[in-house]
2 protein chains.
Amino acid sequence: MSKIQHRNLYREVADRIRDLIEHGDLLPGERISEKHLCETFGVSRTPLREALKVLSSEGLVELLPNRGARVVQLTLKMVKDTYDLMGALEGLSGELACQEISDAEIERICELHEQMLSHYHKRELTPYFEVNKQIHERILMASKNEILQEMYSNLSQRVKRVRYSKKMTDSFWRQAVEDHENMVAALKKRDGKLLGQILRDHLCNKLEVASLSGVIEDEGKPMRMASS
Amino acid sequence: MSKIQHRNLYREVADRIRDLIEHGDLLPGERISEKHLCETFGVSRTPLREALKVLSSEGLVELLPNRGARVVQLTLKMVKDTYDLMGALEGLSGELACQEISDAEIERICELHEQMLSHYHKRELTPYFEVNKQIHERILMASKNEILQEMYSNLSQRVKRVRYSKKMTDSFWRQAVEDHENMVAALKKRDGKLLGQILRDHLCNKLEVASLSGVIEDEGKPMRMASS
DNA sequence: AAAAGGTATTATGAATTCAAAATTCTCACA
DNA sequence: TGTGAGAATTTTGAATTCATAATACCTTTT
């Protein structure tokens, strides 16, 4: 692990800690040793502690007065709440996108949609998810609402480290693709209300939450994390 | 200005700075002098700087590398974006509330609604707004989604310091009350979809943004703030 | 008088130091 | 062997110090 560049130190440190959390190198519940992290990054406690404050207000770590910091332990409830929020934000992004998006960008999304369909028909799961993600990202960008984008990526970051088995049953998958067909249609018509509605109800989120049930230790109790 | 209590210093400092910003004692664009604030609060630079980091990730101040901090200067676009987001979050709160709320709490909201109607009929603007706010807050609480509540209050904080004249024309006001009638009806029926829809479209937000046009210096340019 | 260049001052970024709280360890005693 | 009081150690919270970047000031030159 290479030493950190000395520019905007606290921000770099925050980025690195985010990575550690996302990749499961820092486990939830586990106490974060300032000293240890300082040595790993080769920085003093000042920027490290500043980074922890930021991460705390991002909801990634929690600070216990006089007792240091720890990675937030997600519960099923918290993940559900987060996905509900992300759904609402995606809905808004759809509404706004219809007002703001350019014809060229609609065209680009249609192309991606075709690609996605192709992956669907060939049953190529990973590329399907990749293109799927890009479509959602492009709609989010098209909303031209930066605060929305920031909030969405913050929420996304919070739940990134949860690994669940995406049990893509055939009927689920068909439904998802159908949703996307409707999305593209709504986008072409620039029907914001409709696109928003579809995105809010898009089963992608619901599916993910549903599949969580299998990975959960116990309702209201901490969740199992990915170990990498 | 009394000295600060020495417990969770950075948090206290952040609270105090939030107040200063909200009340217009720290003006947008103006550089925040660390030294000055340290003296006012009677703390060292360490907790102050930690507080600034937090406020920065809350979107209240911006940090310029090697050039200190300043209060974020809101533009009309930023305020619009924020209100769009708040609308979406209120919509979600409505959907969730219908699933989670207790009959007693519905009853309580109905009472508040009656109060609000009474203020409306007597044309008591300030009490009307007060009760109105309480109703929205209670629906937000009823969603039982803490992250949603946090995000909403963060967004709310960002635009709090903008003072605009609420030009409550008669037709606007009547429409708002009608919206509330529909909201209460949807809540009683526990029709989440409907309540969400109403809240998203509720003209309260739109109205507020609309009235901003009068207070704005220039599109895309910084906004005039309240001076207190 | 205005502009340019260079020095002095100030403010910020980060490391270090100091104080206080929490944790661990030791050892007496049941 | 287990338990608890108290000392020693570690860790955190906050102030201070040090280094560097930005700003202000002052001189010099045209």
Side-chain angles (χ1 to χ4, degrees), chain A residues 1-21 25-73, chain B residues 1-21 25-73:
Chain A
M1 195 174 282
S2 66
K3 301 281 174 185
I4 252 176
Q5 295 276 10
H6 280 237
R7 55 166 188 121
N8 262 122
L9 214 34
Y10 89 97
R11 194 173 283 272
E12 303 263 352
V13 171
D15 288 345
R16 294 279 291 265
I17 298 179
R18 264 188 225 100
D19 286 346
L20 292 181
I21 293 174
D25 299 321
L26 279 174
L27 292 174
E30 190 185 16
R31 242 180 85 197
I32 297 177
S33 161
E34 289 186 4
K35 202 166 148 226
H36 178 249
L37 280 186
C38 285
E39 283 160 7
T40 339
F41 296 149
V43 301
S44 77
R45 282 176 58 217
T46 308
L48 180 80
R49 289 170 55 79
E50 287 172 349
L52 287 177
K53 258 75 177 176
V54 171
L55 295 173
S56 160
S57 69
E58 284 176 9
L60 287 176
V61 309
E62 52 190 344
L63 304 177
L64 316 163
N66 287 315
R67 302 176 73 247
R70 65 164 65 149
V71 179
V72 166
Q73 229 167 7
Chain B
M1 196 173 283
S2 66
K3 299 282 174 186
I4 253 175
Q5 296 273 15
H6 277 239
R7 52 164 191 125
N8 262 125
L9 213 35
Y10 89 96
R11 193 173 284 272
E12 302 263 352
V13 171
D15 288 345
R16 294 280 290 264
I17 297 179
R18 265 188 225 99
D19 285 346
L20 291 181
I21 293 174
D25 298 322
L26 279 175
L27 293 174
E30 190 185 16
R31 243 179 84 197
I32 297 177
S33 161
E34 289 185 5
K35 203 168 148 220
H36 178 250
L37 280 186
C38 285
E39 284 161 6
T40 339
F41 296 149
V43 302
S44 78
R45 280 176 58 217
T46 307
L48 181 80
R49 289 169 55 78
E50 288 173 349
L52 287 177
K53 259 74 176 176
V54 171
L55 295 173
S56 161
S57 68
E58 284 175 9
L60 286 176
V61 309
E62 53 190 343
L63 304 176
L64 316 163
N66 286 315
R67 302 176 71 248
R70 66 165 63 151
V71 179
V72 167
Q73 232 168 5

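The chains referred to below are lettered A, B, ... by the order of the sequence lines, with proteins before strands, and numbering in each begins at 1. What you are looking at is a predicted structure, and each value in this text was computed from that prediction instead of being measured.
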- Do you know which two heavy atoms are closest between B:Y10 and B:A51, and how far apart they sit? O-CB, 3.4 Å
- Nearest atoms (heavy-atom pairs only) where B:E62 meets B:V72: N-CG2, 3.8 Å
- Indicate yes or no: at least one non-hydrogen side-chain atom of A:V71 is less than 4.5 angstrom from one of A:E30. no
- Task: Answer yes when B:D15 and B:R18 have at least one side-chain N-carboxylate O distance shorter than 4.0 Å, and no when they do not.
- Result: yes
- Task: State which residue, out of B:V54, B:L52, B:I21, fulfils the side chain to side chain contact (heavy atoms under 4.5 Å, CB included) condition with B:L60.
- Result: B:I21
- Separation of atom CG in A:N8 from atom P in D:dT20, rounded to whole Å: 17 Å
- Between residues 49-64 of chain A and DNA chain C, which residues have a heavy-atom gap below 4.0 Å? none
- Message: Could you report the tightest heavy-atom contact between B:R70 and B:R31, atom names first, then the distance?
- Response: CB-CA, 4.3 Å
- Heavy atoms only: give me the nearest A:L55-A:A14 pair and the separation to one decimal. CD2-O, 4.0 Å
- What's the spacing between A:R49 CZ and B:R49 CZ if we round to 0.5 Å? 13.5 Å
- Task: For B:E34 and D:dA21, give me the distance from atom CD to atom C1', rounded to whole Å.
- Result: 14 Å
- Task: Output the single nucleotide from C:dA14, C:dA11, D:dT11 whose closest atom is nearest the side chain of A:T46.
- Result: C:dA14
- B:L48 CG to D:dG13 C1': how many Å, rounded? 15 Å
- Taking all heavy atoms of A:N8 and all of B:P65, pick out the closest pair and write down the distance. OD1-CG, 3.8 Å
- Interatomic distance where CD belongs to B:E39 and P belongs to D:dA15 [whole Å]: 13 Å
- Under a 4.0 Å heavy-atom criterion, the protein footprint on nucleotides 18-23 of chain C, written with B, S and -, is ---SSS
- Rounded to the nearest 0.5 Å, what separation is found between the CZ atom of B:F41 and the CG atom of B:L9? 10.5 Å
- A:E30 CD - D:dT11 P separation (whole Å): 14 Å
- Message: Between the opening five pairs and the closing five pairs of the helix from C:dA1-D:dT30 to C:dA30-D:dT1, how far apart are the helix axes, to 10°?
- Response: 0°
- Query: Within the modelled atom types, does a donor on one side and an acceptor on the other bring the side chain of A:S44 and the base of C:dA14 under 3.5 Å apart?
  - Reply: no
- Query: Below 4.5 Å, heavy atoms only, C-beta onward: do A:V13 and A:L37 meet side chain to side chain?
  - Reply: no
- Separation of B:L9 atom CG from D:dT12 atom P, in whole Å? 18 Å
- Task: Please state how far atom NZ in A:K35 lies from atom P in C:dT16, giving the value in whole angstrom units.
- Result: 14 Å
- Item | Rounded interatomic separation in angstrom, taking CD from B:E12 and C1' from D:dA14 | 14 Å
